[in-house]
Amino acid sequence: MSVSWLVVCLANYSYFMQDTDPKPQFKEKYFPQIMDHFNFNSMGNGTYEQRYLITDEYWKSGSGPIFFYTGNEGDIWEFALNSGFITELAAQQRALVIFAEHRYYGKSLPFGQDSFNIPEVGLLTVEQALADYAIMITELKQQLGASACPVIVFGGSYGGMLSVYMRLRYPNIVAGALAASAPILSTAGMGESKQFFQDVTSDFENYAPECRDAVRGAFQRLQDLAQIEDYGRIQSAFSLCKTPSSYKDIHQLNGLLRNAFTLMAMLDYPYSTHFMGSMPANPVKVACDTMLGGADLLHALKDTAGIVYNSTGDLTCFDLYTLYVECADPTGCGLGFNSLAWDYQACTEIEMCYESNNVSDMFPLMPFTEKQREQYCSKRWGVIPRPGWLKTQFWGDALSTASNIIFSNGDLDPWANGGVRSELEERWVNCLVQGQNDRFSPCQLRGFNLATAQLTSPTL
């Protein structure tokens, strides 16, 4: 199967898809998965229960393609319920759809509640996850009588990276891949550390340059108060549950506030979403209107952060250390067990040395160097990161021999510049989702929505 087949499907979907909004009934199942694919002595042939979701509602049994979602850093139901594009395309192409959960996330915990102890967490690697998917695909095809059915893998963000890696590592199993918003270059240590937060800033600046200036001014005002240790004023302005008392607390507050803008940039859809929390339609616009509509910059900054952290309005105060947890990923790890897993991955293979500098972005100076990463990871997990490992393992930008891969990006997505933006080879395609009036939409795998359709069109 060539990549042109999938391009034609995407084109048909983009221009002729009606608002049918199919909602398949997924069945939740568990697959007995090998715990350690690469060491025969450590665990023997021990297995764990890997969760996956499956629907054959649209499948032409025995001959239709298989659409396989390479699960990423979270509960697989969250991705299945927010990746309607795949099931809509499956309805057209009569495909079987499988969403596989990544090991150490959701309910796919190899050691149960002990999965994040040391050394048990050591089996959390990209390579182990890819092997999980390869084994699952192979065995499920046999069980379902689908040995002749081509497999197309799909994924968004880190899941998009995994889709690319599956095509590179297991081309005998995977016929093609669609990687949406996959930062395969920046997470391999390629690119500039300032790029991510510069791109987040650009999203707000593109809406209104004065929005960027207001945010920068608010952070400067916070810095001024911190320098004279007016912690009471800071506590009052941001409705903090506890009065800050140190540089550490102010650093945590800066991280919490920066993270709010990061999430709004990543989830800047023209309709409300409930993925990674509740977000209003056009959150960047809402944030800028809030920043520019407030009489006081500090209160406006607090209200803007509340779009993310207090969407229900139920919180009476912000707890600095429960709403946001600093980790090895400056763009945020989230909360709970899933955040522990991602923190460990950011300490080992996934390189996330992104920093804000208050020059090319609107955020306070918050460096995160390789040395800082090494110190944090050594203390937290007892590991020393290996810079450049992903580039060595998965080719970096040396993709000239890769084939049947579609890279899709949206120009509002702050992750876009960390991925493949140019069409270097005829064997794979870069898809830019571009809209009218210089508006660009984050290119993830969400389903058809009239608000998005009116703003965007694909450029293949």
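These numbers come from a predicted model, not from an experiment.
At a cut-off of 3.5 Å, with distance as the only test, no side-chain donor of E101 or Q50 sits close to an acceptor on the other residue. A donor-acceptor contact under 3.5 angstrom links the side chains of Y309 and N259, judged on distance only. Under the 3.5 Å distance criterion, with hydrogens and angles disregarded, no donor-acceptor pair is assigned to the side chains of Q33 and T47. For the residue pair N409 / W415, no side-chain donor-acceptor distance below 3.5 Å is found, with atom types taken as modelled. Side-chain atoms of S403 and R167 include a donor-acceptor pair closer than 3.5 Å. For the residue pair D36 and S42, a side-chain donor N or O sits within less than 3.5 Å of a side-chain acceptor on the partner. Between the side chains of E28 and Y52, no donor N or O sits under 3.5 Å from an acceptor N or O. Side-chain contact of R386 with T348: a donor-acceptor pair under 3.5 Å is absent, judged by distance alone. Between the side chains of D289 and Y207, a donor-acceptor pair is found at a separation under 3.5 Å. Looking at E127 and H37, their side chains never bring a donor and an acceptor atom within 3.5 Å of each other. Residues D132 and Y48 have side chains that bring a donor and an acceptor to within less than 3.5 angstrom of each other. Under the 3.5 Å distance criterion, with hydrogens and angles disregarded, no donor-acceptor pair is assigned to the side chains of T262 and T331. In this model, no donor atom of one side chain and acceptor atom of the other lie less than 3.5 Å apart for D319 and Y324.
Annotation: F154 is in aromatic contact with F67 [ring centroid separation under 6.0 Å]. Ring centers of F368 and Y354: at least 6.0 Å apart, outside the cut-off. Ring pair Y133/F68: centre-to-centre distance below 6.0 Å. When ring centroids are compared, F116 and F337 come within the 6.0 Å threshold. Aromatic ring centres of W342 and Y105: separated by at least 6.0 Å. F261 and F204 have their aromatic ring centers within a separation under 6.0 angstrom.
Nearest heavy-atom pair, L315 versus L323, reported as atom, atom and distance to 0.1 Å: CD1-CD2, 4.2 Å.
Side-chain contact between H251 and M366: present, with at least one pair of heavy atoms (C-beta onward) separated by less than 4.5 Å. Contact of the L257 side chain with the L222 side chain is registered, since non-hydrogen atoms from C-beta on lie closer than 4.5 Å. Under the 4.5 Å side-chain criterion, counting only non-hydrogen atoms from C-beta, T243 is not in contact with D249. Residues L340 and Y344 fail the side-chain proximity criterion, which asks for heavy atoms closer than 4.5 Å. Counting only heavy atoms from C-beta outward, the side chains of C377 and P385 approach each other to under 4.5 Å. Side-chain atoms of S108 and E49, non-hydrogen and from C-beta on, never get closer than 4.5 Å to each other.
The only option from L124, V126, N338 that meets the side chain to side chain contact (heavy atoms under 4.5 Å, CB included) definition with H102 turns out to be L124.
To the nearest 0.5 angstrom, I54 atom CD1 is 12.0 Å from F99 atom CZ.
Under a cutoff of 6.0 Å and an axis angle of 45°, R258 and F197 form a cation-pi pair.
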